Amino acid sequence: MAGAGHRRGSDTKAEIRKVALELFAAQGYEATSLREIAERLGITKAALYYHFKGKEDIVRSLFAEHLADLDELVEWARTQPPGPRLRAQTIDRMIDLVSQQGLQAVRFAFANQHVVKELHPGKENVFERLTALFDALTGPDASVEEALRIRMALFSVNLAFFAGQDLEASNEQIVAAARDIAHLLNPPAECDTEPAPDGSAGRSEGR
């Protein structure tokens with residue numbers, strides 16, 4: 001890759017993670033070598049070692065990046081006024097977050113479950129962030145149905161990518177369908193819709 005040696009370190013690390021994930025998903029974690037990852041990127045193996053100590057380090061970095069993205073989403077949600085618009089916006093942000101790695105991440109996790117189990121920092125780390133997000137979206141006065149709807153909507157995002165991995169559909173098609181399904185699980189409140197020109201209910205402001 002031309003100019004690879006001149007890219008900023010953060011850009012190079014992101015590209016290494018992206019290419020490694022593609023190879024891990026396509027041919028398996030054990031079957032992928034660091035040399036292969038470096039050759040795909042057009043950098044030397046020594047340059048790759050400058051950023052990551054090994055394949056395990058790359059996978060841990062992928063998990064750490066996902067947790068950091070969840071932290072950022074939680075902090076953003078806490079600064080927003082609660083209500084249907086926030087829940088709709090959060091669904092969109094969750095879709096965007098998951099679709100950055102999309103089907104490749106699902107395929108990697110499905111095909112390399114032992115690696116995920118060994119190197120993942122723990123399900124409790126993800127769940128505690130999701131719990132904080134749910135609290136920011138619903139609050140203590142939310143009804144059971146309201147709280148359950150947003151939880152199901154956000155959980156459906158990952159489920160859609162898992163369920164769609166063997167469909168004859170592009171990543172973009174699955175992302176679009178997952179977005180529509182998640183919003184259907186969390187319909188806007190009546191007061192949060194805008195009337196359409198023909199007098200029927202319009203779309204949520206958050207959509």
Side-chain angles (χ1 to χ4, degrees), residues 1 4 11 13-42 55-56 58-70 72-73 87-120 123 126-127 129-130 133-134 137 148-188 196 201-204 206-207:
M1 184 177 293
D11 293 339
K13 290 187 76 168
E15 289 184 20
I16 291 171
R17 282 193 293 261
K18 179 177 181 293
V19 168
L21 183 60
E22 290 173 354
L23 290 172
F24 293 158
Q27 59 192 35
Y29 176 81
E30 283 82 4
T32 301
S33 67
L34 289 175
R35 183 179 299 280
E36 238 180 320
I37 298 170
E39 288 177 351
R40 177 73 68 88
L41 283 161
K55 292 192 295 183
E56 297 89 348
I58 296 175
V59 174
R60 289 192 182 99
S61 178
L62 286 166
F63 292 140
E65 181 184 33
H66 181 63
L67 292 178
D69 287 339
L70 285 176
E72 186 177 335
L73 181 58
R87 292 194 290 273
Q89 290 174 331
T90 301
I91 288 172
D92 285 330
R93 284 176 176 253
M94 181 67 82
I95 289 280
D96 293 340
L97 188 160
V98 175
S99 64
Q100 287 172 9
Q101 297 175 339
L103 290 177
Q104 296 290 359
V106 173
R107 289 181 180 128
F108 162 70
F110 186 75
N112 303 274
Q113 295 181 43
H114 62 293
V115 177
V116 174
K117 184 177 181 180
E118 179 182 350
L119 299 178
H120 197 283
K123 292 181 180 179
V126 175
F127 190 72
R129 287 162 171 81
L130 290 175
L133 182 60
F134 297 148
L137 295 177
L148 190 57
R149 278 184 178 277
I150 188 58
R151 290 177 180 227
M152 291 175 65
L154 293 177
F155 279 132
S156 76
V157 176
N158 283 292
L159 181 60
F161 279 86
F162 178 78
Q165 61 182 321
D166 62 344
L167 289 178
E168 293 184 3
S170 67
N171 198 38
E172 290 74 19
Q173 288 174 310
I174 292 175
V175 168
R179 191 183 304 274
D180 288 342
I181 291 167
H183 280 293
L184 285 172
L185 286 168
N186 187 67
R203 298 183 68 179
S204 166
R207 292 290 301 274

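Counting begins at 1 with the first residue of the sequence. Computed from a predicted model, the values in this text were never measured in an experiment. These numbers come from the heavy atoms of this one structure, side chains and all, not from hydrogens, waters or symmetry mates.
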key: Neighbour count above 12 (heavy atom, 6.0 Å) for Glu72 CD   = no
request  = Kindly compute the distance separating CG (Leu185) from CG (Leu154), expressed to the nearest 0.5 Å.
outcome  = 9.5 Å
ask   = Does the side chain of His114 come within less than 4.5 Å of Glu30's, by heavy atoms?
value = yes
query = Between CZ of Arg129 and CG of Leu67, what distance do you get to the nearest 0.5 Å?
reply = 4.5 Å
Stepwise salt bridge (charged side-chain N to carboxylate O under 4.0 Å, His left out) check, Arg179 with Asp96 = CA-CA 9 Å; Arg179 191 183 304 274; Asp96 293 340; 3.1 Å; yes
query = Rounded to the nearest 0.5 Å, how far apart are CZ of Phe161 and OG of Ser156?
reply = 10.5 Å
request  = Could you tell me whether the side chain of Lys55 and the main chain of Phe24 form a donor-acceptor pair under 3.5 Å?
outcome  = no
inquiry  = Using side-chain heavy atoms (C-beta onward) and a distance below 4.5 Å, is Glu118 in contact with Val59?
reply    = no
key: 4.5 Å side-chain heavy-atom contact, Leu133 and Leu70   = no
Pairwise distance CZ(Arg87) to CG(Asn186) - rounded to 0.5 angstrom = 5.5 Å
query = Is Ile58 close to Ile37 at the side-chain level, that is, under 4.5 Å between some pair of heavy atoms?
reply = yes
key: Inter-residue atom distance Arg40.CZ - Glu15.CD, 0.5 Å rounding   = 13.0 Å
note = Scanning both residues in full, the closest heavy-atom pair of Ala160 with Ala178 reads CB-CB, 3.6 Å
task = Identify whether the distance between the nearest side-chain nitrogen and carboxylate oxygen of Arg60 and Glu56 falls below 4.0 Å.
result = no
